[in-house]
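Report on the structure given below.
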Amino acid sequence: MTKLRQYPDCYYEPSRHYDLSCPVLGEDIAVDVCIIGGGYTGLSTALHLSEAGCKVAVLDSHHIASGASGRNGGHVGTGQRRHQEDLEKLYGAAIAAKLWQAGLDAVALVKTLIEQHRINCDLQKGILHVAHKPRYTADFRAEVDFLQQRYGYTQARAISRDEVSELLGTSVFYGGLHDTASMHLHPLNYALGLAQAAKTAGAQLFECSPVVSYRSQGQDITVSTANGSTVRAKHLVLACNGYLGNLEPRISGKIMPINNFLVATAPLGEGLANSLIRNRLAVQDSRFVINYWRCSEDGRLVFGGGESYRSSLPSNIPGIVRKRVLAIYPQLEDVPIDYAWGGKLAITLQRMPHVGRLQQNIHYAHGYSGHGVPTATFLGKAIAEAICSNSEQFELFAGLPARAFPGGTLLRWPGMVAGMLYYSLMDRF
């Protein structure tokens, strides 16, 4: 990868299939539900509420899906961000079992929405988790056994080092876990497909309409935008994730916005692409700061890895990610990087989403910790159900304890950096 070219936009933008045109909010309007944030959470909420007959408005400060929802690795994994055995220890067997089923339902929901609304997003089956240290192979075998014995889950299997090498064209990993129920997709096309479906169902989507404040007035909420226009609504949904900022200090300390980096190579050609990843699998390694990759529909390697914790992105994303790529695939030394970009997501201390109500008619969900494609879609639907009548799935996640980062929003950054440096060293040694 000696020829490096950095573009301000990510690979997903020029490869999108939808040309969504949404206006700026230019007048005061009244709706049943106002949603702040045009990513997976907000779009799923808007779609399901609109299909239920509610009048909905979505406000995004930039363009629909211009944040993490349109810039991520596109992995749609089963389960939750935490291992299932950890969830049993944290919450007990009964709650953990419901979370396991919710994880399966989330993946199924993504597939159903894609099929129902004919979303063109290159949906593919299978995620391969690979061990970057020998001891993780035993962990993978134990996880497979645990899921089979406790949950009857038979769609995950442990695979040998030789089989991983055959599937991935590299010998640096020691074994793996192949989950055939997981999926992967083009994340921006999926988000824009959801947006189009929401518009078709009647939702109003507004871009470049940043929200500066909101206030409750009796049974109504008034949301004010930077251009002076307002939305009056009976319900408000905060779906901002890593872009929440100072809009709602009561919950901002429970999440930590971080940046993650990705690159896309030049098209590899069918032969080279198939030698790197057979069967169009997506791949994740076992590092704490994980590497993750897949081949795109046009045969590029889309590879993510590395993080930063400041508001701005580093200037050398290609160089940061290139080292990770070549450590796995030295045969790509002379393949150019055509695109390099970063995206902002939000993590929580527990690596489980932070979900709840600020009052009866203000719902929020964020902090997906890298598991956002299925989880945000699922929780958008759960918020819609909670607003309409059935709050069972919403209450499941709202009932999970959520700890604030030490030091709140002001001092969480240095603590996070220290912790991530420690785990980065553990990844190496």
Side-chain angles (χ1 to χ4, degrees), residues 22-61 64 194-195 198-199 201-241 243-255 353-367 376-400 402:
C22 300
V24 174
L25 180 65
E27 60 181 354
D28 297 345
I29 62 172
V31 295
D32 297 318
V33 184
C34 179
I35 300 168
I36 305 175
Y40 298 135
T41 307
L43 295 172
S44 178
T45 305
L47 172 58
H48 289 98
L49 283 172
S50 297
E51 290 179 334
C54 294
K55 188 176 182 181
V56 178
V58 177
L59 303 177
D60 197 276
S61 60
I64 297 298
L194 287 180
K199 285 184 67 175
Q204 301 178 75
L205 308 184
F206 298 98
E207 297 182 321
C208 301
S209 303
V211 173
V212 294
S213 65
Y214 68 88
R215 67 183 187 276
S216 295
Q217 297 172 298
Q219 299 298 313
D220 290 338
I221 298 168
T222 300
V223 179
S224 300
T225 64
N227 62 12
S229 299
T230 64
V231 179
R232 190 174 77 253
K234 299 182 185 303
H235 296 269
L236 175 66
V237 177
L238 300 174
C240 308
N241 202 36
Y243 298 88
L244 178 66
N246 297 319
L247 180 62
E248 184 41 82
R250 289 176 288 179
I251 57 175
S252 59
K254 302 291 181 66
I255 58 172
H354 180 218
V355 179
R357 295 183 184 87
L358 291 173
Q359 58 190 53
Q360 191 59 34
N361 59 347
I362 301 178
H363 295 73
Y364 63 86
H366 55 189
T377 303
F378 181 81
L379 286 173
K381 181 174 183 284
I383 290 172
E385 292 172 343
I387 290 173
C388 290
S389 62
N390 179 12
S391 63
E392 180 179 358
Q393 294 294 350
F394 180 86
E395 299 299 346
L396 169 64
F397 283 87
L400 303 180

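Only a predicted model underlies this, so the values are computations on that prediction, with no experimental measurement involved.
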Identify all side-chain donor-acceptor contacts of residues 28-37 below 3.5 Å with residues at least two apart in sequence or on another chain.
unit_1 : atom_1 : unit_2 : atom_2 : d
Asp28  : OD1    : Thr230 : N      : 2.9
Asp28  : OD1    : Thr230 : OG1    : 3.1
Asp32  : OD2    : Lys55  : N      : 2.7

On a heavy-atom basis, the closest approach of Ile255 and Asn241 is CD1-O, 3.4 Å
Between Leu205 and Pro23 the two heavy atoms that sit nearest each other are O-CD, 3.4 Å
Between Asp60 and Gly38, which heavy-atom pair has the shortest distance, and what is it?
OD2-N, 2.8 Å
Say you draw a straight line from CG of Asn361 to OG of Ser216; how long is it, rounded to the nearest 0.5 Å?
6.0 Å
Count the heavy atoms belonging to other residues, nucleotides or ligands that lie under 6.0 Å from CD of Gln219, then report whether that count exceeds 12.
no
For Lys199, give me all partners under salt bridge (charged side-chain N to carboxylate O under 4.0 Å, His left out), at least two apart in sequence or on another chain.
none
Once salt bridge (Lys or Arg N to Asp or Glu O under 4.0 Å) is applied, what residue pairs with a partner in residues 216-230 remain, sequence neighbours excluded?
Asp220-Arg232
Check: residues 208-215 side-chain donor-acceptor pairs under 3.5 Å, at least two apart:
unit_1 : atom_1 : unit_2 : atom_2 : d
Ser209 : OG     : Leu25  : N      : 2.9
Ser209 : OG     : Glu207 : O      : 2.8
Tyr214 : OH     : Glu248 : OE1    : 2.4

Anything under 3.5 Å between a donor and an acceptor, one on a side chain of residues 388-397, the other on a protein residue two or more places apart or in another chain? List them.
unit_1 : atom_1 : unit_2 : atom_2 : d
Asn390 : OD1    : Glu392 : N      : 3.2
Glu395 : OE2    : Arg357 : NH1    : 2.8
Glu395 : OE2    : Arg357 : NH2    : 2.9

Calculate, to the nearest 0.5 Å, the distance between atoms CG and OG1 belonging to Leu59 and Thr225 respectively.
7.0 Å
Do any pairs count as a side-chain hydrogen bond (donor to acceptor under 3.5 Å, both in side chains) and have a residue in residues 35-48, sequence neighbours left out, and if so which ones?
Tyr40-Asn72, Thr41-Tyr368, Ser44-His48
Any idea which heavy atoms bring Asn246 and Pro249 closest together, and the distance?
O-CD, 3.7 Å
Identify the two heavy atoms, one from His363 and one from Ile383, that lie closest to each other, and give their separation to 0.1 Å.
CB-CG2, 4.0 Å
Drop me the distance from Arg250's CZ to Tyr364's OH, to the nearest 0.5 angstrom.
9.5 Å
Does the side chain of Leu47 come within less than 4.5 Å of Leu194's, by heavy atoms?
yes
With sequence neighbours left out, write down each residue that passes side chain to side chain donor-acceptor pair (under 3.5 Å) with Ser61, or none if nothing qualifies.
none
Evaluate Leu49 against His235 for side-chain contact (heavy atoms from CB on, under 4.5 Å), listing each step before the verdict.
CA-CA 11 Å; Leu49 283 172; His235 296 269; over 6 Å; no
Name all residues meeting the side chain to side chain donor-acceptor pair (under 3.5 Å) criterion together with Gln360; count only those two or more places apart in sequence or in a different chain, and write none if there are none.
none
Ala195 to Ile64 - nearest heavy-atom pair and separation:
CB-CG2, 3.9 Å
